[in-house]
Each structure stands twice: as C-alpha cells, then as structure tokens.
Undergrad: 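Before we start, here is the structure in question, set down as structure tokens.
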Protein chains: 2
Amino acid sequence: MPEETLPTRRAGRDGASRRPVMLAIAGDSAAGKTTLTRGLVEALGPGRCVSLCTDDYHRYDRAERAELPITALHPDGNYLGIMEQHLQLLATGAPVLKPVYDHSTGTLTRPELVEPAELVIVEGLLPLHSRLSRACFDITVYLDPPEKIRREWKIARDTGERGYTVDTVLGDLERREPDAEAHIRPQRRNADLVLRFAPIDGHDDPEGTPLSATVMMRPTIDHPDLTDVLAPGPSRAMHLGIDRDSDGRAADSLHVHGYVEREESMAVQKSIWTALGTPGSDPPGSDPPDCLGRLEGRRGADERSEPLAIAQLVLLHYLMERAR
Amino acid sequence: MPEETLPTRRAGRDGASRRPVMLAIAGDSAAGKTTLTRGLVEALGPGRCVSLCTDDYHRYDRAERAELPITALHPDGNYLGIMEQHLQLLATGAPVLKPVYDHSTGTLTRPELVEPAELVIVEGLLPLHSRLSRACFDITVYLDPPEKIRREWKIARDTGERGYTVDTVLGDLERREPDAEAHIRPQRRNADLVLRFAPIDGHDDPEGTPLSATVMMRPTIDHPDLTDVLAPGPSRAMHLGIDRDSDGRAADSLHVHGYVEREESMAVQKSIWTALGTPGSDPPGSDPPDCLGRLEGRRGADERSEPLAIAQLVLLHYLMERAR
C-alpha cells in the first residue's frame with residue numbers, strides 16, 4: 001500500500017522535523033485580535049504563516065447557547081481540552097482537523113485541515129487559559145483596550161457584521177461580564193506582552209487623534225533590542241521606558257503616540273522591516289507592506305493606524321528572532 | 001483559574017489511566033460493517049462501548065467528489081493522517097473531536113466529541129490501511145462477503161436509505177472497483193479475523209436459507225478457546241476446523257451454517273453469553289440480548305440471522321478476554 005503518498009502524513013513528517021514558532025493573541029471579544037492578526041499574516045504571507053481562531057472550539061452554537069446558562073467566554077462553553085490537544089499537535093509540527101465556528105451564522109460547520117507553517121498565530125478568547133495551552137507558545141500577547149473603547153468596537157462590529165441589534169450587544173456585554181472577569185482578563189497576567197490601544201493618560205489629544213499604543217514587555221521572555229531599530233528615534237512621539245504594571249511588577253514599555261507623524265512612523269517602520277530582512281514575499285529591501293496598520297473591516301478601507309503598524313512590526317521582530 | 005472543571009481534560013486524564021480495547025471492522029461499502037457493529041454496541045451498552053465510522057474522515061463531500069477524479073475509497077479521498085492521529089489518541093485514552101460525514105445528505109458537518117469507553121469499535125473502509133493505524137487495534141476484523149451479495153446489499157441500501165438510483169449505484173460500483181482492488185481488499189491480508197456471510201460452498205441450501213457464517217481466525221493474535229463455549233456443540237450445523245486461506249496460510253475456522261435451528265443456536269449463544277459473565281447492563285445470568293443477530297435497517301425489523309448472532313458473540317468473547 002502506498003503509504004508514502006498520503007499528503008497529511010507527509011506534511012506531518014516534514015513539519016515535525018522543524019517546530020513552528022507559536023504566537024498567542026488573547027483578549028476579550030472585539031479587543032482587536034483579528035485586526036492585529038490579519039496584518040501579521042498578510043505581511044508574512046501564507047507560505048510562512050498560518051493563523052487560527054480559538055472561537056472555533058466553541059462547544060455550542062448560537063441557538064444552543066441561547067438555551068443554556070453559559071456564555072461563549074466560559075471554559076465549559078468550549079472544547080478547551082481539544083484546543084489544548086490541537087495546540088500541542090501544532091507545536092510539534094503535526095496537522096490538525098480544526099472545528100469551524102461561523103460567526104456570520106452562529107453555527108458549527110465543516111472542520112478544516114490546518115498544517116503548521118513556520119509561524120503559527122493563534123488568536124481567541126481563551127488561548128492562555130490553562131498551563132498546558134500556554135506551554136505551547138513561544139510568545140504570548142494579551143490585548144487590553146480600555147473597556148469603554150472595546151464596547152464601542154464590539155457594538156460597531158456585532159451590529160455591522162454579525163447581524164445583532166445594539167440592545168442585544170449591550171445585553172450580551174452585561175451577561176458576559178462575570179465570565180470576562182473570571183476567565184478572560186486573568187489571562188493578562190500570563191502574557192509576555194500586553195498591548196493597549198488607548199488615549200495616553202493625562203494627554204489631552206484633540207478629537208480624531210488615532211489611539212496611541214503601549215506595548216508592555218514583561219521579563220518572562222527575551223526581548224529584541226529595540227533601541228537599534230527605533231532609530232532615528234527615540235522621539236517625543238515614540239519612546240521606550242520602564243513602567244510599573246497595576247500589580248506592581250516592573251516591565252519595559254514602548255509608547256507610540258497617536259499623533260506620531262506618518263513620515264516619522266514610516267522611517268521607524270522601514271528601519272524595523274529592513275532589520276528583519278524583509279520577512280514577507282517581497283524582494284529584500286522593499287518597504288513594509290501596506291497591510292501593516294490597516295484597520296479595514298472595522299472602520300473603512302482607507303483608515304490606518306501608525307501605532308498599530310509599529311506594534312505589528314515589533315511583534316514581527318519577536319517572531320523573526322525565534323524563527324531564525 | 002479552575003482548570004479542574006474542564007470536562008474534556010478530566011475525561012482525558014481518567015481515560016489515560018486505562019487504555020481502551022480497540023476493535024477494527026474493515027470492509028468494502030455495504031459489506032455489513034454497520035449491521036455487525038450495531039449489535040455489538042447495543043449488547044455492551046453505551047456505558048462500556050463507543051463506536052465510530054471512519055467514513056467521517058472523508059476529505060470531500062459528495063458534490064466535491066462528483067467534480068473530482070477520486071472515489072471515497074481512495075486514501076487521498078480521506079484525511080487518513082488525521083484518522084491515524086485520532087486512533088492513536090483514542091488508543092491512549094484521550095478524547096478526539098471527530099469529523100462527521102452525513103451519508104443521508106452527502107455533506108461534511110459539525111464534528112462531535114468522542115471520549116473513549118472501555119471498548120472502542122472502529123468500522124469503515126480503510127481503518128487497516130496503514131501500519132500506524134493497524135497498530136492502534138487489539139483485534140482487527142475484515143468483512144468479506146462474496147461480491148455478488150455485497151452488490152445486492154449496496155443497491156438495496158443506497159437506493160433505500162441514501163436516495164441514489166440503481167443506475168447510479170451500478171456506475172458507482174464500477175468506478176470504485178479499481179480502488180477497491182488496490183486499497184480495500186488488501187486489508188483482508190492484515191486482519192486477525194475474516195468474517196464471511198455466504199452460502200457454504202458445495203452446499204445446496206433451499207431458497208430462503210439464511211447466509212452461513214465463516215469466521216477465519218488467524219494465528220496473529222491469541223484466540224479464546226471456543227470448544228468450551230460451543231457446548232452443547234459441535235454439531236452438523238456449527239463446527240470448528242482448520243482451513244487453508246486462498247494465499248495458502250492455515251487458520252482456524254468456525255462455520256455456522258445458515259440452516260442452524262434457532263433452538264440449537266440459542267443454546268450456544270446462551271453458553272457464550274454466560275461464559276462472558278453477561279457483559280451488558282442486564283443482570284448476570286440474563287439471556288443474550290435480542291440485538292444480536294438483528295438485521296433491522298437492511299431487510300425489515302423482524303429479520304434476524306443466527307449465524308450473525310453467533311459471530312457477534314464470538315467477537316464479544318475476544319473483546320471481553322482483553323477487557324478483563
């Protein structure tokens with residue numbers, strides 16, 4: 001029997017010879033996980049990078065959840081044991097047949113084959129929930145927008161893309177809050193990097209100023225030396241420093257202010273992109289791709305955020321250091 | 001975080017402490033796999049036994065297959081690497097999220113959680129295709145009806161239950177024949193037991209006589225001593241012997257003739273069932289359950305086959321010896 005012709009087994013064997021680099025992006029519903037992930041995946045290209053969303057591991061579809069006293073945020077509302085199993089398989093280079101939750105219809109549908117690429121990005125509500133799942137990742141990120149901003153994003157998205165009414169979304173937010181407090185936000189404590197897009201405290205930005213980015217880098221993993229790649233900075237609009245987290249722990253922080261000029265931002269972006277050796281499919285020396293910083297899908301095709309682009313490039317820096 | 005409340009992880013831990021006994025039932029389409037399996041599962045009860053069908057690992061749905069030069073019998077038409085992965089997980093006591101192929105609609109749909117019970121029965125077209133999958137089983141069975149009879153069964157089932165026309169089924173049989181020869185029938189060589197329901201060669205049974213059963217037992221595994229449980233036999237209608245397989249290899253054989261009287265068959269069935277310690281959920285000493293030997297779903301609710309019941313009891317004997 002021609003066992004050597006089985007495509008999934010061949011891929012599994014190849015994959016196993018080289019472990020993928022695994023990045024987790026955790027955060028509450030509408031915290032910006034998909035927007036952040038989309039730019040990274042597109043910049044690296046599908047040949048180097050695959051992404052998956054752990055919402056696919058929901059145990060119940062939307063109709064079943066409506067009948068049950070359980071939200072999609074609760075661990076028991078998800079096949080977390082299977083999620084762990086699949087993360088472990090991917091981390092060792094094996095393919096998985098991943099379930100699929102269709103957000104547009106709220107149904108669980110035909111699963112799909114995921115074969116690990118060199119880089120695997122896993123985003124979702126609970127990828128950092130358990131010790132076993134955390135152990136699968138090389139880098140862990142928690143997205144931590146202010147609640148007020150996240151609620152605005154969630155209302156805009158769920159009424160726009162998922163067919164909910166504003167009242168339904170508000171009710172949902174209230175019903176989910178105990179689970180968010182108990183199960184989602186505790187993951188922040190376990191992330192190597194905490195990303196926050198928000199107005200900078202105490203800074204009186206004029207109306208319409210894009211959100212600033214803060215990347216908190218905890219000493220739980222090695223960090224790339226950003227002092228080089230932030231040249232020609234540091235500047236008033238972009239700087240590295242040391243902060244104390246709300247729990248008192250010290251961490252490095254990168255601040256990118258929303259009012260950073262496009263020109264200054266592009267110089268830094270190009271500097272990082274070049275330092276990374278142009279990791280995407282474009283020829284070496286190319287400019288960083290337009291997908292970085294893009295907010296499309298949320299607020300219109302042309303809108304972009306320089307702080308988001310810088311944050312994505314910093315994440316690419318982490319990924320590329322580990323992929324080498 | 002309350003990791004200990006995750007139901008799938010708890011089940012995985014418990015399950016891992018005791019390996020399930022794994023039985024494979026391989027054979028071509030409409031060879032009788034589901035009929036054989038149904039009686040075993042029902043006799044043991046859902047608390048002791050789960051079954052799954054490897055048709056669920058089809059890579060393409062019916063509409064896609066119609067557009068492709070590939071049949072459901074070809075290894076490349078299935079996620080065989082994922083099937084192997086899931087068999088390995090189940091064999092070590094871990095749960096899997098199994099894909100689901102819906103034969104009534106020909107679509108791939110929402111997957112379902114399978115947690116290994118004490119006994120796991122895996123039936124399908126290709127469970128014995130690869131060395132890795134075969135290694136997951138304690139006992140392997142190949143169902144080997146004469147082609148003429150299998151074709152009659154397939155036409156009856158596919159036109160009755162799956163909405164095909166006779167012409168479609170005949171075309172399908174022809175189109176599948178090269179794959180059946182290349183990939184399905186070679187599995188017979190790797191089975192510990194070969195089951196054949198057919199008229200006994202050279203025996204001129206009157207019209208309407210049920211099919212006889214031959215259970216060929218190869219020396220690849222230890223066999224239970226049937227001389228005891230076949231008491232009050234051996235008889236003219238039921239006997240043990242040694243046969244030579246078509247490839248020349250010697251093997252033990254149990255013959256149960258279709259004309260065996262219900263009374264004689266029931267005495268043997270009761271003898272085996274009692275020797276097994278009444279493995280189902282009924283009180284010890286109960287009679288073997290009616291589900292054994294039942295042909296329902298294929299030829300009407302009341303029809304039953306004594307040779308099938310005996311063959312199922314022999315399989316239960318193998319299972320219970322290993323489960324002890």
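Everything quoted here is computed from the prediction, not taken from an experiment. Protein chains get the first letters and strands the later ones, always in sequence-line order, with residue 1 at the start of each.
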Undergrad: A:Glu64 and B:Arg110: which non-hydrogen atoms are nearest, and at how many Å?
TA: OE1-NH2, 2.8 Å
Undergrad: Within this structure, what is the CG-CG distance for the pair A:Asp56 and B:Leu97, rounded to the nearest 0.5 Å?
TA: 10.5 Å
Undergrad: With distance as the sole test, does B:Gln85 use its side chain to make a donor-acceptor pair with the main-chain N or O of A:Pro95 at under 3.5 Å?
TA: yes
